[in-house]
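For reference, the structure discussed in these notes is given below.
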Amino acid sequence: RKEYPQIRPFEEEDDLEWWNEGLDLIKAGKLDEAEATFKKLILAQPNHSDGFNGLGLVYAEKADKPAAEMFLREAIAQAEKMVSNGDMDIECLQMIHADLNRLLSE
């Protein structure tokens, strides 16, 4: 919150844009920028899996397996809640599980 005091939870409208921007930054190899983008997403949507999933992907690319695993597990926990509430399709949860399984198999 100290890094981005202007971001208020549940009040941002840029969350989908941040998700897509973060993924594009990962693909471009701009991992520090992707990390910052996903941190903003977590602040804006703390009960959503996307920011945690994105940070997990960033840390996997940075070869920081413990951090990647921690964030992917949190993404799974958030996604499970969202699936049970009907706010997310099971396929999205399965994709996060696949990301974690890929990480753990390396």
Side-chain angles (χ1 to χ4, degrees):
R1 297 211 186 281
K2 290 180 183 180
E3 287 181 70
Y4 307 103
Q6 73 281 9
I7 297 176
R8 302 280 183 247
F10 311 109
E11 293 181 5
E12 295 297 322
E13 297 178 12
D14 297 328
D15 48 342
L16 181 58
E17 289 177 33
W18 285 336
W19 169 250
N20 290 324
E21 177 184 339
L23 292 178
D24 289 343
L25 289 165
I26 290 173
K27 289 176 189 172
K30 298 178 180 180
L31 300 179
D32 291 337
E33 292 177 48
E35 181 179 1
T37 299
F38 289 124
K39 284 180 178 180
K40 289 190 284 188
L41 183 53
I42 288 173
L43 288 173
Q45 297 295 331
N47 296 332
H48 198 289
S49 63
D50 283 350
F52 297 101
N53 187 17
L55 277 181
L57 297 174
V58 167
Y59 291 125
E61 286 294 315
K62 287 185 169 189
D64 185 345
K65 191 172 182 175
E69 181 178 354
M70 178 187 73
F71 281 105
L72 288 172
R73 289 191 185 281
E74 182 60 27
I76 289 169
Q78 295 297 332
E80 287 173 343
K81 292 177 199 172
M82 294 175 74
V83 168
S84 70
N85 291 338
D87 296 329
M88 178 182 276
D89 293 330
I90 190 75
E91 292 82 12
C92 295
L93 174 59
Q94 291 168 339
M95 288 173 33
I96 303 169
H97 273 288
D99 291 334
L100 178 61
N101 291 336
R102 200 169 25 260
L103 174 75
L104 296 176
S105 69
E106 294 176 351

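The first residue of the sequence shown is numbered 1, and numbering continues consecutively from there. Just so you know, these numbers use all the heavy atoms, side chains as well, and skip hydrogens, waters and symmetry mates.
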Open item on the list: How long is the straight-line distance from CG of D64 back to CG of L31, given to the nearest 0.5 Å?
Closed with: 11.5 Å

Open item on the list: Could you see if I26 belongs to whatever hydrophobic cluster contains Y59? Use Ile, Leu, Val, Met, Phe, Trp, Tyr and a side-chain cutoff under 4.5 Å.
Closed with: yes

- [ ] Please write out which residues are connected to V83 in a hydrophobic cluster, directly or through intermediates, given that two of Ile, Leu, Val, Met, Phe, Trp, Tyr count as joined at side-chain heavy-atom separations below 4.5 angstrom.
- [x] L72, I76, M82, M88, I90, L93, I96, L100, L103, L104

Task: Residues which pass salt bridge (Lys or Arg N to Asp or Glu O under 4.0 Å) with E80, listed by chain and number, not counting sequence neighbours - done: none

Open item on the list: Between K65 and E69, does any NZ, NE, NH1 or NH2 come within less than 4.0 Å of an OD or OE carboxylate oxygen?
Closed with: no

Task: NZ/NE/NH1/NH2 to OD/OE distance under 4.0 Å, E35 and K39 - done: yes

Task: CZ on F52 to CE on M70, rounded to 0.5 Å - done: 9.0 Å

Open item on the list: Just so I know, are the side chains of D32 and K62 near enough to count as touching, which here means a heavy-atom distance under 4.5 Å?
Closed with: yes

- [ ] Quick one: closest heavy-atom pair of A75 and S49, and the distance?
- [x] O-CB, 3.3 Å

Task: Interatomic spacing from CD in Q78 to CG in D87 - rounded to 0.5 Å - done: 11.5 Å

- [ ] Grab the two heavy atoms, one from A60 and one from A68, that are nearest each other, plus how far apart they are.
- [x] N-CB, 3.5 Å

Open item on the list: Rounded at 0.5 Å granularity, tell me how far CD in E74 sits from CG in L55.
Closed with: 11.0 Å

Task: Heavy-atom closest pair, residues G51 and F38 - done: O-CB, 3.8 Å

- [ ] Please name the residue in the list I42, L43, T37 that meets the side-chain contact (heavy atoms from CB on, under 4.5 Å) test with W18.
- [x] T37

TODO: Working to the nearest 0.5 Å, report the span between CH2 of W19 and CD of Q45.
DONE: 13.5 Å

Open item on the list: How long is the straight-line distance from CG of L57 back to CG of L23, given to the nearest 0.5 Å?
Closed with: 7.0 Å

- [ ] Might you point out which heavy atoms bring F71 and G56 nearest each other, and give the distance in Å?
- [x] CB-N, 3.6 Å

